[in-house]
Amino acid sequence: MATGADQAVGMGLVGFSLLLFTYYTIWVIVLPFMDSDHVIQKYFLPREYSVILPGVAALILILLVGTFIGVVTWKNRKPKKLD
């Protein structure tokens with residue numbers, strides 16, 4: 001069973017993910033249909049970043065996963081036998 005600290009960290013991560021998903025959904029789906037001078041527009045980055053930021057995040061994720069696989073493969077290799 002998870003401790004109270006583990007549950008608090010988990011709930012914090014879920015809350016952060018929900019907040020991030022809501023922000024991104026409003027940014028990408030709702031804002032293009034609102035006037036550019038609407039007061040809510042000042043709380044969001046320009047629309048170009050709605051494509052650039054997830055692309056950079058995906059690139060970093062792929063880089064980290066590839067590095068992890070490379071390190072694990074390097075550490076688990078077996079030495080060659082010399083005859």
Side-chain angles (χ1 to χ4, degrees):
M1 190 80 187
T3 64
D6 291 339
Q7 289 179 348
V9 169
M11 288 300 287
L13 289 173
V14 168
F16 177 73
S17 298
L18 183 64
L19 183 70
L20 188 66
F21 176 76
T22 304
Y23 179 88
Y24 189 77
T25 302
I26 292 171
W27 186 24
V28 171
I29 296 176
V30 176
L31 285 185
F33 298 107
M34 300 180 90
D35 293 333
S36 60
D37 59 347
H38 196 274
V39 70
I40 200 170
Q41 294 280 359
K42 69 179 179 179
Y43 296 110
F44 295 89
L45 293 171
R47 289 190 191 120
E48 297 84 30
Y49 291 107
S50 67
V51 175
I52 294 170
L53 290 178
V56 169
L59 185 64
I60 291 171
L61 180 67
I62 290 170
L63 179 67
L64 289 175
V65 169
T67 303
F68 174 75
I69 290 172
V71 167
V72 169
T73 304
W74 184 266
K75 285 186 177 183
N76 289 336
R77 69 178 186 183
K78 295 180 181 179
K80 295 181 180 180
K81 292 182 181 180
L82 296 175
D83 290 331

Next item on the list: Go through the structure and list residues passing ring-ring contact (aromatic ring centres under 6.0 Å, His included) with Y49, not counting sequence neighbours.
Entry: none
Notebook entry, point to check: With the 4.5 Å side-chain cut-off for hydrophobic clustering, are Y43 and I26 part of the same group?
Noted result: yes
Next item on the list: To the nearest 0.5 Å, tell me how far L31 CG sits from L45 CG.
Entry: 11.0 Å
Notebook entry, point to check: Which ILVMFWY residues can you reach from I60 by hopping between side chains whose heavy atoms are under 4.5 Å apart?
Noted result: I52, V56, L64
Item checked: Other ILVMFWY residues reachable from F21 by side-chain steps of under 4.5 Å -> none
Item checked: Heavy-atom side-chain proximity of Y24 to L20 below 4.5 angstrom -> no
Note to self: I need the minimum non-hydrogen distance between R47 and Q41, along with the two atoms involved.
What the structure shows: NH2-NE2, 4.0 Å
Margin query: Check whether W27 reaches the backbone of S50 with its side chain - one donor and one acceptor, N or O, closer than 3.5 Å.
Written below: no
Item checked: Chi angles and distances behind the side-chain contact (heavy atoms from CB on, under 4.5 Å) call for T3, D6 -> CA-CA 5 Å; T3 64; D6 291 339; 3.3 Å; yes
